[in-house]
**Q** 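Handing you a structure now.
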Amino acid sequence: MTLDDAAAALDKTRSTLHRVEQGETRADIHLVRSMMDLYDQYEPDLVEQTRRAAKPGWWVSYGLQDTGYIDVETEASHVREFCLSYVPGLLQTDAYMRAVFEAHHLQRSDREFENQVKVRLIRQLRLTDSEDSLELVALIDEGVLRKEVGGVSVMRGQLHHLLLASRLASVTLRVLPDRLGAHHGMNGAFIVLGFPESDPEVLYTEYVTGSLHIEADAEVNAAKLLFEHLLSKALDPDKSVALIERVLAERFGPE
């Protein structure tokens, strides 16, 4: 059945049905059932997924709507994140994330600002949740450790927090050292999210005016290969911790 034929049978425009099929527009339960009837293909799991997708995410009660990332991370079981500019959100202290949010170009009310902080702190709870755990492999460029986000006191606290986080069973923390020089990850940060029950992985990346969720196997696999390549160049977990301790002592000193 062509897209034109299906759209006509479903009382939808061609462009509307195309956006649904491409994942650009969420399908409601009535449309999904109509499509199953039309295509003579019933999938109970798809009906249940459609119901779940229609429910507001937990973050909506904090005033966050089209988050672009939190909904995907909420469903994920493991995350591989490569950071060039700042500490991964899941490992940020309250003070550090406030400094990051304050530097962002978006204008927020005080309430919106505080809600963003609360949501990020709630996301971090999964790293220590025994029932709904999230495994994180964080690969951080050494420059992230030396950048004074929020000032000396904030960075001192943030580096101490990284040392504590590195002890969690759910967290693997690796540092890409400056002495490595130029490397293949210099084009930008990215995240690869994996899901339970062998669901397809997702590549997430941000750019100046937005972000992309990429599910194409070839691109996701290329990102995974790049991550593994960068991981092979990074310091091992023990040496990464030693470097953080050295930067802490040399740059930010004792409290």
**Q** What's the verdict on side-chain hydrogen bond (donor to acceptor under 3.5 Å, both in side chains) for Thr2 and Asp5, showing C-alpha distance, side-chain angles and the deciding distance?
**A** CA-CA 5 Å; Thr2 67; Asp5 292 339; 3.1 Å; yes

**Q** Mind checking whether Tyr69 and Tyr204 have parallel, tilted or perpendicular rings, split at 30° and 60°?
**A** tilted

**Q** Nearest 0.5 Å please: distance from the NZ atom of Lys147 over to the CG atom of Leu84.
**A** 10.0 Å

**Q** Please examine the side chains of His78 and Phe195, heavy atoms only from C-beta on, and report whether any two atoms are closer than 4.5 Å.
**A** no

**Q** Taking atom NE2 as the centre, does His104 end up with more than 12 heavy-atom neighbours from other residues, nucleotides or ligands that are less than 6.0 angstrom away?
**A** yes

**Q** Same cluster for Val100 and Ile191 if Ile/Leu/Val/Met/Phe/Trp/Tyr side chains link at under 4.5 Å?
**A** yes

**Q** Taking the side chain as every heavy atom from C-beta outward, state whether Lys12 and Leu31 have any atom pair closer than 4.5 Å.
**A** yes

**Q** Near Asp110 CG, under 6.0 Å, is it more than 12 heavy atoms from other residues, nucleotides or ligands?
**A** no

**Q** Kindly give the heavy-atom pair with the smallest separation between Leu231 and Leu139, and that separation in Å.
**A** N-CD2, 3.9 Å

**Q** What distance do Arg14 atom CZ and Leu3 atom CG have between them, rounded to the nearest 0.5 Å?
**A** 4.5 Å

**Q** So Gln116 and Leu121, do their side chains get closer than 4.5 Å, heavy atoms only?
**A** no

**Q** Would Arg174 and Ile140 count as a side-chain contact (heavy atoms from CB on, under 4.5 Å) here? Give the steps.
**A** CA-CA 6 Å; Arg174 306 280 295 273; Ile140 303 173; over 6 Å; no

**Q** Below 4.5 Å, heavy atoms only, C-beta onward: do Gln92 and Arg120 meet side chain to side chain?
**A** yes

**Q** Compute whether any side-chain donor of one residue and acceptor of the other, for Asp71 and Thr74, lie under 3.5 angstrom apart.
**A** no

**Q** Count I, L, V, M, F, W, Y as connected when their side-chain heavy atoms are under 4.5 Å apart, and connections chain through other members. Are Leu212 and Leu193 then in the same cluster?
**A** no

**Q** Counting distance only, does the side-chain N/O of Ser211 pair as donor-acceptor with the main-chain N or O of Glu206 below 3.5 Å?
**A** no

**Q** Looking only at non-hydrogen atoms, find the nearest pair between Ala138 and Pro88 and report the distance.
**A** CB-CG, 4.0 Å

**Q** Rounded to the nearest 0.5 Å, how far apart are CG of Leu127 and OG of Ser170?
**A** 4.5 Å

**Q** In Å, rounded to the nearest 0.5 Å, how long is the span from CG of Leu168 to CG of Leu91?
**A** 8.5 Å

**Q** Kindly work out whether a path of hydrophobic side-chain contacts (I/L/V/M/F/W/Y, heavy atoms less than 4.5 Å apart) joins Leu173 to Val149.
**A** yes

**Q** Could you grab the distance from atom CG of Leu17 to atom CE of Met35, nearest 0.5 Å is fine?
**A** 5.0 Å

**Q** Please assess Met97 against Gln124 for the test side-chain contact (heavy atoms from CB on, under 4.5 Å), listing each intermediate value before the final yes or no.
**A** CA-CA 12 Å; Met97 71 179 69; Gln124 295 179 359; 3.6 Å; yes

**Q** Over all heavy atoms of both residues, which pair between Arg126 and Ser133 is shortest? Give the atoms and the distance, please.
**A** NH2-O, 3.3 Å

**Q** Transitively linked via ILVMFWY side-chain contacts under 4.5 Å: Tyr42 with Val32?
**A** yes

**Q** With sequence neighbours left out, what residues match Glu114 under side chain to side chain contact (heavy atoms under 4.5 Å, CB included)?
**A** Arg98

**Q** Quick one: CG on Leu90 to CD on Glu81, what's the gap to the nearest 0.5 Å?
**A** 6.5 Å

**Q** Side chains of residues 220-229: which donor-acceptor pairs under 3.5 Å do they make with residues two or more places apart or in other chains?
**A**
unit_1: Asn221; atom_1: ND2; unit_2: Asp217; atom_2: O; d: 3.1
unit_1: Lys224; atom_1: NZ; unit_2: Glu201; atom_2: OE1; d: 2.6

**Q** Over all heavy atoms of both residues, which pair between Leu163 and Ser166 is shortest? Give the atoms and the distance, please.
**A** O-OG, 2.6 Å

**Q** Short question: side chain of Gln158, backbone of Thr93 - any donor-acceptor pair under 3.5 Å?
**A** yes

**Q** For the hydrophobic clusters of this structure (ILVMFWY residues joined by side-chain heavy atoms under 4.5 Å, transitively), does one cluster hold both Leu145 and Leu164?
**A** no

**Q** Indicate yes or no for a side-chain donor-acceptor contact from Arg80 to the backbone of Val192 under 3.5 Å, with no hydrogens or angles considered.
**A** no

**Q** Heavy atoms only: give me the nearest Leu38-Ala6 pair and the separation to one decimal.
**A** CD2-O, 4.0 Å

**Q** Show the nearest heavy-atom pair for residues Asp178 and Gly143, with the distance to one decimal.
**A** OD1-N, 3.8 Å

**Q** Quick check: does any side chain N or O of Glu215 sit under 3.5 Å from a backbone N or O of Val202, one acting as donor and the other as acceptor?
**A** no

**Q** What do you reckon, is CD of Glu148 surrounded by more than 12 foreign heavy atoms closer than 6.0 Å?
**A** yes

**Q** Could you tell me whether a side-chain N or O of Glu142 sits under 3.5 Å from a main-chain N or O of Arg179, the two making a donor and an acceptor?
**A** no

**Q** Taking the side chain as every heavy atom from C-beta outward, state whether Val137 and Val171 have any atom pair closer than 4.5 Å.
**A** no

**Q** Which residue in the set Val154, Leu162, Leu159 passes side-chain contact (heavy atoms from CB on, under 4.5 Å) when paired with Tyr96?
**A** Val154

**Q** Say whether, by atom type as modelled, one donor and one acceptor occur between the side chain of Glu21 and the main chain of His18 under 3.5 angstrom.
**A** no

**Q** Please list every donor-acceptor pair under 3.5 Å in which a side-chain atom of residues 234-253 meets a protein atom from a residue at least two apart or in another chain.
**A**
unit_1: Asp236; atom_1: OD1; unit_2: Asp238; atom_2: N; d: 3.1
unit_1: Asp236; atom_1: OD1; unit_2: Lys239; atom_2: N; d: 2.7
unit_1: Ser240; atom_1: OG; unit_2: Val175; atom_2: N; d: 2.9
unit_1: Ser240; atom_1: OG; unit_2: Leu235; atom_2: O; d: 3.1
unit_1: Ser240; atom_1: OG; unit_2: Asp236; atom_2: O; d: 2.9
unit_1: Arg251; atom_1: NH1; unit_2: Arg146; atom_2: O; d: 3.2
unit_1: Arg251; atom_1: NH2; unit_2: Arg146; atom_2: O; d: 3.1

